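Everything numeric here is computed off the predicted structure, so don't read it as measured data. Chain identifiers are assigned alphabetically (A, B, ...) following the order of the sequence lines, protein sequences preceding nucleic acid strands; residue numbering begins at 1 within each chain.
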There are 2 protein chains.
Amino acid sequence: MKQSTSTQDYLKHIYELTECGLPASTNDMARKLNIKPASVTGMIQKLATEKPALVEYQKHQGVTLTPAGRRAALEVIRHHRLLETWLVQTLGYSWDEVHEEAERLEHVISEDFERRIAAALGNPARDPHGELIPTADLKMPEDDSTPLSALRPNQTATIQRVIAQDPNLLRHLESLGLTPGIQIEIMEYSPFDNNLTVKVGRKVNVLGLNITTKIFVEIK
Amino acid sequence: MKQSTSTQDYLKHIYELTECGLPASTNDMARKLNIKPASVTGMIQKLATEKPALVEYQKHQGVTLTPAGRRAALEVIRHHRLLETWLVQTLGYSWDEVHEEAERLEHVISEDFERRIAAALGNPARDPHGELIPTADLKMPEDDSTPLSALRPNQTATIQRVIAQDPNLLRHLESLGLTPGIQIEIMEYSPFDNNLTVKVGRKVNVLGLNITTKIFVEIK
DNA sequence: CGTAAAATTTAGGTAAGGCTAAATATATTT
DNA sequence: AAATATATTTAGCCTTACCTAAATTTTACG
Ligand SMILES: [Mn+2]
Ligand SMILES: [Mn+2]
Ligand SMILES: [Mn+2]
Ligand SMILES: [Mn+2]
């Protein structure tokens with residue numbers, strides 16, 4: 001029942017890679033986990049033969065989670081996001097410092113610890129990056145946000161979440177005022193490079209695809 | 001430089017077993033770590049040949065820590081005791097619930113996390129059981145306490161620390177009011193069984209050696 | 001002292017979870 | 001439809017940290 005740190009990280013990353021609906025490829029997994037593709041194949045084969053199976057796997061076809069695997073993944077993701085929230089709220093971490101710490105803690109906290117921090121935080125719905133936190137019964141709430149890259153001039157929106165762990169990117173976004181809850185307005189769109197000119201407060205910035213695809217918003 | 005969870009637990013237990021001044025025996029280590037003696041021998045041989053060596057070891061003579069090993073042990077013990085203190089203070093754990101959780105967390109928190117909880121707690125000197133917390137520069141403060149078992153009638157003392165992780169024992173002691181900071185007075189001593197009759201508040205209890213050797217006090 | 005008991009070490013094995021190099025399957029291009 | 005390039009898997013190794021069973025010390029004692 002209780003999985004190793006490695007297994008938990010594999011399941012978490014498979015969850016994230018398959019959110020788009022497609023199976024996760026061996027190479028993508030290897031890149032994301034910083035492990036060689038050959039090792040990924042080996043581990044995936046093991047996860048597929050556990051009882052109950054944690055992943056669905058067919059040679060050369062990529063991998064998806066079984067219901068048991070999804071539950072295990074959501075458990076880890078809940079830990080991770082609660083921990084991040086809690087490191088920010090109670091220990092004064094900034095949003096670019098929490099990821100690495102949560103990455104290690106997520107595997108060792110007890111269910112009791114999970115309940116205690118969830119309660120202390122008032123069962124938060126989102127983590128410091130705006131990501132949804134799976135509920136205590138391991139359901140992932142629906143997300144209705146749109147990538148900023150899809151907006152066009154004159155649209156107004158509220159930033160809901162930012163998909164990034166890189167501390168440098170997170171600090172950059174913070175310096176631009178692009179954090180969850182903030183209102184923005186699209187001023188211009190340039191085709192070909194897909195840049196968006198965005199007004200945040202009274203500042204105006206031109207943002208490239210590398211940024212606009214990582215920010216998800218709720219359109220007004 | 002950074003050790004595995006296993007290595008850290010070995011070093012911590014060697015520290016504890018050698019506090020009396022004698023080397024730690026293979027069997028004692030095995031009992032304490034819940035690992036077979038043969039495995040302990042193997043691990044100790046490895047610790048002795050690390051560079052720098054973490055333990056001093058001669059076949060059949062038991063094991064002691066080198067300065068490097070002692071530093072590593074104190075690092076883990078500092079983590080453990082700060083974590084216990086912090087679980088009690090900020091998440092409402094009771095003193096019989098913290099050990100197991102700290103036992104896992106101690107290996108994964110960063111030095112930054114350590115500094116943050118130490119600061120948030122006001123750099124506490126002792127953990128919830130009254131054990132001394134190694135300082136940030138990894139010195140273990142002097143302990144001047146006496147085992148309760150050494151006291152005799154008419155002596156008065158303050159409980160300073162309790163050496164126990166067993167939750168049942170800890171709950172029992174708490175129910176008797178035997179917790180750090182509490183004043184006690186010795187009423188009677190019975191030879192042969194070494195029982196002590198101890199007054200705590202207005203309650204009087206007869207305590208056997210199994211309890212009196214685990215409570216350390218400061219004599220008034 | 002000499003032997004039995006207890007403690008410790010050695011030898012040989014297992015399971016995880018990595019890696020490299022080589023083989024094979026799939027995808028892309030001409 | 002080949003031929004090449006890319007992705008994936010297989011095979012064979014390695015390290016860590018355990019285990020059991022069989023030596024070997026050390027210690028305890030008659
Ligand atoms: Mn992780
Ligand atoms: Mn959980
Ligand atoms: Mn530390
Ligand atoms: Mn531990």
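When B/T179, B/V162, B/I159 are each tested for a side chain to side chain contact (heavy atoms under 4.5 Å, CB included) with B/L173, only one passes: B/V162.
One finds the CZ atom of B/F113 at 9.5 Å from the CG atom of B/L82 (value rounded to the nearest 0.5 Å). For the atom pair B/Q8 CD and B/H107 NE2, the distance stands at 6.0 Å (nearest 0.5 Å). With values rounded to the nearest 0.5 angstrom, B/Q58 atom CD is found 9.0 Å from B/T64 atom OG1.
Between the side chains of B/T135 and B/D137, at least one donor-acceptor pair of N or O atoms lies under 3.5 Å.
Sorted by first and then second residue, the ring pair (Phe, Tyr, Trp, His ring centres under 6.0 Å) pairs with a member in residues 128-150 of chain B read B/W95-B/H129; sequence neighbours excluded.
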So which protein nitrogen or oxygen atoms get under 3.5 Å of nucleotides 19-23 of chain C's nitrogens or oxygens?
{"unit_1": "C/dC19", "atom_1": "OP2", "unit_2": "A/K36", "atom_2": "N", "d": "3.0"}
{"unit_1": "C/dC19", "atom_1": "OP2", "unit_2": "A/S39", "atom_2": "OG", "d": "2.7"}

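For B/Q3 (side chain) and B/M1 (main-chain N/O), a donor-acceptor pair under 3.5 Å exists by modelled atom type. A donor-acceptor contact shorter than 3.5 Å links the side chain of A/R78 to the backbone of A/P134. With hydrogens and angles ignored, the 3.5 Å screen pairs a side-chain donor or acceptor of A/T66 with a backbone N or O of A/L54. With hydrogens and angles ignored, the 3.5 Å screen pairs a side-chain donor or acceptor of A/T18 with a backbone N or O of A/Y15. At least one donor-acceptor pair closer than 3.5 Å links the side chain of A/R116 to the backbone N or O of B/G92.
By the 4.5 Å heavy-atom criterion applied to side chains, A/I133 and A/P124 are counted as neighbours.
Residues forming a side-chain hydrogen bond (donor to acceptor under 3.5 Å, both in side chains) with B/N205 (at least two apart in sequence, or on another chain): none. Partners of A/H13 by ring pair (Phe, Tyr, Trp, His ring centres under 6.0 Å), not counting sequence neighbours: none found. Partners of A/E84 under the salt bridge (Lys or Arg N to Asp or Glu O under 4.0 Å) rule, at least two apart in sequence or in another chain, do not exist in this structure. Take B/D144 and apply the side-chain hydrogen bond (donor to acceptor under 3.5 Å, both in side chains) test, not counting sequence neighbours, and it matches no residue.
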- Message: Give the dot-bracket line for DNA chain D from 5' end to 3' end: parentheses for intra-strand Watson-Crick or G-U pairs under 3.5 Å, square brackets for crossings, | for inter-strand pairing, dots for unpaired.
- Response: ||||||||||||||||||||||||||||||

Under 3.5 Å, sequence neighbours excluded: what are the donor-acceptor pairs made by side chains of residues 29-41 of chain A?
{"unit_1": "A/R31", "atom_1": "NH2", "unit_2": "A/D28", "atom_2": "OD1", "d": "2.8"}
{"unit_1": "A/K32", "atom_1": "NZ", "unit_2": "A/E16", "atom_2": "OE1", "d": "2.4"}
{"unit_1": "A/T41", "atom_1": "OG1", "unit_2": "A/P37", "atom_2": "O", "d": "3.4"}

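Applying a 4.0 Å cut-off to non-hydrogen atoms, the residues of residues 43-61 of chain B that approach DNA chain D are B/M43, B/K46, B/H60, listed by residue number. Of the residues in residues 4-12 of chain B, those with a non-hydrogen atom less than 4.0 angstrom from any atom of DNA chain D are B/S4, B/S6, B/Y10. At a non-hydrogen distance threshold of 4.0 Å, A/S25, A/T26, A/N27 from residues 14-28 of chain A come into contact with DNA chain D.
A 4.0 Å heavy-atom criterion places the boundary nucleotides of DNA chain D facing chain A at D/dA7 to D/dT10, written 5' to 3'.
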